Undergrad: 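Just dropping this structure here.
Letters go in sequence order (proteins before strands), and every chain restarts at 1. Because the structure is a prediction, the values reported are computed rather than measured.
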Amino acid sequence: MSESITQAFQERISEDELLNCMKCGFCLPACPTYVETQDEVHSPRGRISLMMAVRDGEIDDVHEVEESLNVCLGCRACEPACPAGVNYGEMLEEARAIFYEHKDKAIREKALRKTTLNTLFTDQDKIGKATSLLRFYQRSGLQKTARKLKVMNFFPEHMQQMERVLPEVPKRTKQHRESTFPSETTQTKATVAMFKGCLMDTLFYDTNQSTIALLNRAGCDVVVPDTQGCCGALHGHSGEKSGAVELAKQNIEAFETADVDYIITNAGGCGAFLHDYDHLLKNDPDWAERAKAFTDKIVDFSSVLMELDFPNEVPLIIDPQIITYQDSCHLRNVLCVAEAPRQLIQAIQGGGYVEMPHADQCCGSAGIYNLTQPEMSMQILDHKMKNVDTTSATTIVTTNPGCLLQMKLGIERTEQTDTMRAVHLADLLLEALSTDDLNSG
Amino acid sequence: MTWIQEIRQIVGDKHVQTKQSSLHSYAYDATPNFNAKPEAVVAPASEQEIKKIVTVCDNHQVPIVPRGSGTNLAAGTTPTQGGVVLLFHRMNQILELDENNLTITVQPGVITGDICQTVEAKGLFYPPDPSSMKISTIGGNINENSGGLRGLKYGVTKDYVLGVNAVLANGDVIRAGGKNVKDVAGYDLTSLFVGSEGTLGIITEATLKLVPLPESKQTLLASFDSIERAAETVSQVIANKLTPATLEFIDRATIQAVEDYSHVGLPTDAEAVLLIEQDGPPSICEHDIQLIQGIAVEHGAITTQIAETEERAAQLREARRSALSALAKRSPTTILEDATVPRSEIATMVKAIEAIALEYEVNIATFGHAGDGNLHPTCMTDLRDKSEWERVEAAFAAIFQKAIDLGGTITGEHGVGEMKSPYLAWKVGDEGINLMKQIKDAFDPQHIMNPGKLFHRSGGEVDE
Ligand SMILES: Cc1cc2nc3c(=O)[nH]c(=O)nc-3n(C[C@H](O)[C@H](O)[C@H](O)COP(=O)(O)OP(=O)(O)OC[C@H]3O[C@@H](n4cnc5c(N)ncnc54)[C@H](O)[C@@H]3O)c2cc1C
Ligand code: SF4
Ligand code: SF4
């Protein structure tokens, strides 16, 4: 099997790209798994040299390499840090796809991915039902009973904490299916289409509604195409490339008909993956161009709000509190959006913004990483919470659902649920807008 | 019991790696073409543990390759004779900052940039700043005697090492030097360890000299439409008895590569750029920078620009620091050299490099610390292209020869390692090699300390 993996590496991972890495080490301080372990097995250049070793057939047990790639967060902080422009993320995804395709079916992790990924995330309806179940569990009192009976004690500690931080799932009936939301300004400044995202459309349904409200207030007509699905990131990042490709095509089709200026996302992870569709489909002649047209329109909602001068057009006021921001890795490293969210937070009167040390480093959530690599994930999170503490913040703002859950988990783990909260930027902005703006219209 | 088992007992299983993936991950440093796997990767926590490890290795004649962050550019940490790669990330503490004696005492695994930050917070200054300072360790800097952007005015690592502790191959622990500014008790062993590239012993602690942090800084960027004009400017600045802290030279190809990465607005249409910094009291700083600006304009600078904020200055410095890696994007293999000439010969050397590149039909970009004559001609090539590779090697041999002819040296700050070992004799002569071999024999009779480095197999080989 090692041989066929080596062959696949030779065919699919370019030697030139691997050679592009000159092993200068500039990426080391940016890489959370290297910072935690101080071990080159878990550094970007180490992983690149391991991919090269597989390609050259120099490693007998390729699973050691797979393990190193599994520990990689896929946060891509190594890319902006790399002066040689090494496209690490692309190689990682391809390598993971190769390992995935060669995988023994009985392996447990795959079973986990199969249930969470294929049955849930490919189908908006199913995820709706699954979250209905979760809601039922929460509403029925079962959650309370389960907590009382300490059923969750059978699960690893961080899974129990995870269970406690999951947001309330809105009632299914509340999840409207309207598809157009008109601008609230006298003149429409832009027409945008909203990418809902599977987690955002269910667990974080309210955040999506906040985002739409903000965009309307900023002067955007918002359309929400109905046939869109999950972005495919979770598939792509864990090696299920074919699943990701199918979803990409479905989404491109769904948004093609809407004639809009931008396609908006409010989840950094989804945004980045949508942004990479052109790469995903680059070898498919029927789709390459359509993918490019699609990706050119992808922007984060924070960038659009800044472009439309939202903070100057609309008063933003909040109760006094110290606010800090945790970057979404993919928003920062792939979509290169770092300033807009900070500027928006800083524009809110009443709130004091304090930048936390290493805000740009991954929080350890990384898709389903906190399920597959719990130990490293929790180690990273615990360091993150120490950095949060130095700011004395009571509000942690994020721009991605995974990060939001992870930060909630961090608050739970450090037993600060009474004094600290984690919120999505859109919800914070809506909160800052509500009081005054509603009166002024 | 095998030697690996003995070492496991010393440091604990967790700190000895022998998996294939680990061995591959420590097979390289920042030098192309010398990859080789060790047999074990070991991370000791103390001088005591190192002492024991060295004794085991000496008994079994196992090579020891000390490795900081593996960023050296001379194949200094590639374990080409196998053995143990010794890591220092568990010995990364700042032990003492002595504000009365202006010294800092550190373990070898401390990152250079962290030393700078720590002392600057106290109004003190540790000047040696290799471009790799955010990654490289002080142990690596000491063993390479690394230079940096501030070398012109402040000197290099050796000017700041007051004392070291080192474990020798026989297990002895040497404490050389200390906090004394004056110390002539016997041979200067501290200096001998500086730049020894891990071939004499293992540094376990170092005491470094600090100076007061300069009050202010000014940064100037000047662009030129010919390399000669830039080089002329460098010579004139020095001839005018001005000693800027930094005087960096970047040629067109390097400007382009750096700008592609950093987007700091470098003039990509210029043939050469000088990045010049002065520090000190505000009035002197301003005075010097204006004089230098005048000299640049007089020698045909197309644009000159003084950075208005420290932020902008920092951007420009960071951009310069990324030069090598940014050039690496241009080609599968990037070979950087370190030929250094007396500063008066900079213009001649730059022109010679251009001519050599033309003659051997290879692609060479040049940047470097022009103020101290330390240039980094960087060849963009492809290892897999055998015929070009031969031309590249020939071109570099010609560059070294030219540097030596001009009274210069084969390496200014990157060290000899394995890569430049064939050329060491050109610089120090056979007598020099002989003396160095005797020193090596006295410290490490069995040649277990970083074997294969410094001395070339044919020209003064000490191994075997
Ligand atoms: C992009 C880039 C830019 C660079 N810029 C500069 C520059 O401006 N100036 C400059 O001088 N260099 C520069 N370098 C070269 C390199 O960073 C320096 O040589 C640095 O000092 C190496 O530090 P390190 O911790 O990586 O050491 P390593 O590369 O790990 O080791 C260097 C040498 O020190 C030995 N060693 C390390 N620790 C110990 C110890 N505790 N005891 C005994 N021996 C030990 C090793 O065996 C080896 O011989 C650059 C490198 C890169 C990749
Ligand atoms: S910064 Fe880029 S070139 Fe340097 S080691 Fe990391 S990935 Fe390789
Ligand atoms: S993606 Fe993140 S975790 Fe993975 S190598 Fe890059 S920086 Fe490290």
Side-chain angles (χ1 to χ4, degrees), chain A residues 2 14-31 33-71 78-87 336 357, chain B residues 15 17 19-32 35 37 41 43 67-73 78 85 87-90 92 109 111 113-114 131-132 134-136 257-258 260-262 318-319 321-336 378 382-384:
Chain A
S2 282
S14 132
E15 188 180 27
D16 281 353
E17 190 65 50
L18 288 166
L19 280 174
N20 219 352
C21 169
M22 64 151 305
K23 312 287 190 306
C24 66
F26 269 46
C27 50
L28 298 182
C31 173
T33 58
Y34 178 77
V35 170
E36 292 296 333
T37 60
Q38 295 290 308
D39 185 357
E40 297 273 10
V41 175
H42 301 303
S43 83
R45 65 175 176 176
R47 289 178 176 124
I48 289 168
S49 78
L50 288 174
M51 290 189 226
M52 190 60 127
V54 174
R55 199 178 188 283
D56 292 344
E58 279 179 1
I59 226 160
D60 300 331
D61 186 2
V62 292
H63 293 299
E64 287 183 17
V65 177
E66 185 183 8
E67 177 54 24
S68 158
L69 298 185
N70 283 345
V71 174
C78 44
E79 288 182 33
C82 172
V86 172
N87 290 315
C336 301
Chain B
H15 304 296
Q17 301 188 51
K19 286 214 291 198
Q20 279 207 34
S21 53
S22 304
L23 305 182
H24 271 285
S25 300
Y26 292 90
Y28 55 80
D29 54 28
T31 328
N35 284 17
K37 280 185 294 177
V41 179
R67 183 186 192 272
S69 296
T71 68
N72 75 86
L73 297 158
T78 47
V85 162
L87 304 177
F88 301 98
H89 63 80
R90 297 175 69 213
N92 66 349
I111 301 294
D114 292 345
S131 293
S132 51
K134 285 191 182 154
I135 325 144
S136 67
V258 168
D260 280 354
Y261 164 65
S262 62
E318 286 304 312
R321 290 202 166 105
S322 71
L324 168 59
S325 318
L327 277 171
K329 187 180 186 168
R330 293 290 170 92
S331 59
T333 317
T334 316
I335 312 268
L336 160 133
T378 305
D382 188 340
L383 256 178
R384 296 162 296 186

Undergrad: Using non-hydrogen atoms and a 4.5 Å limit, figure out which bit of B:Asn92 sits close to chain A: side chain, backbone, both or neither.
TA: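 Contact with chain A: none, neither part.
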Undergrad: Heavy-atom cut-off 4.5 Å, strictly under: side chain, backbone, both or neither for B:Pro332 against chain A?
TA: both
Undergrad: Do A:Glu67 and B:Lys19 sit within salt-bridge range, that is, some charged N less than 4.0 Å from a carboxylate O?
TA: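 Here A:Glu67 does not pair with B:Lys19 in a salt bridge, since their nearest N and O are not under 4.0 Å apart.
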Undergrad: Going through the distances and angles, do B:Lys37 and A:Glu58 end up as a salt bridge (charged side-chain N to carboxylate O under 4.0 Å, His left out)?
TA: CA-CA 11 Å; B:Lys37 280 185 294 177; A:Glu58 279 179 1; over 6 Å; no
Undergrad: Measure the spacing between CD1 of A:Ile48 and OH of B:Tyr28 and express it to the nearest 0.5 Å.
TA: 9.0 Å
Undergrad: Under 3.5 Å, is there a donor-acceptor pair between the A:Glu64 and B:Ser21 side chains?
TA: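 Note: A:Glu64 and B:Ser21 side chains meet the donor-acceptor criterion.
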Undergrad: Would A:Arg45 and B:Asp29 pass as an ion pair if we require N to O under 4.0 Å?
TA: no
Undergrad: Measuring from atom OG1 of B:Thr71 to atom CG of A:Leu28, what distance do you get when rounded to the nearest 0.5 angstrom?
TA: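 The OG1 atom of B:Thr71 sits 9.0 Å away from the CG atom of A:Leu28.
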Undergrad: Is the side chain of B:Tyr261 donor-acceptor paired with the backbone N or O of A:Gly85 at a distance under 3.5 Å, no angle test?
TA: no
Undergrad: Evaluate the side-chain contact (heavy atoms from CB on, under 4.5 Å) criterion for residues A:Lys23 and B:Thr31: first the C-alpha distance (whole Å), next the side-chain angles of each, then the deciding distance (0.1 Å), finally the verdict.
TA: CA-CA 8 Å; A:Lys23 312 287 190 306; B:Thr31 328; over 6 Å; no
Undergrad: Kindly indicate whether the side chain of A:Gln38, heavy atoms from C-beta on, has any atom under 4.5 Å from the side chain of B:Arg90.
TA: no
Undergrad: Rounded at 0.5 Å granularity, tell me how far CZ in A:Phe26 sits from CG in B:Leu324.
TA: 7.5 Å
Undergrad: So which heavy atom on A:Cys24 is nearest to which on B:Ser325, and how close?
TA: SG-OG, 3.3 Å
Undergrad: Do any N or O atoms from the side chain of B:His24 and from the backbone of A:Val65 form a donor-acceptor pair under 3.5 angstrom?
TA: no
Undergrad: A:Met22 and B:Leu73: which non-hydrogen atoms are nearest, and at how many Å?
TA: CE-CD2, 4.4 Å
Undergrad: Would you tell me whether A:Asp60 and B:Gln20 have side-chain atoms, one donor and one acceptor, within less than 3.5 Å of each other?
TA: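 There is such a pair between these side chains.
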Undergrad: What are the residues of residues 49-57 of chain A, in order of number, with any heavy atom under 4.5 angstrom from a heavy atom of chain B?
TA: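 Listed by number: A:Ser49, A:Leu50, A:Ala53.
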Undergrad: Does any backbone or side-chain atom of B:Thr334 lie under 4.5 Å from a heavy atom of chain A? Answer side chain, backbone, both or neither.
TA: neither
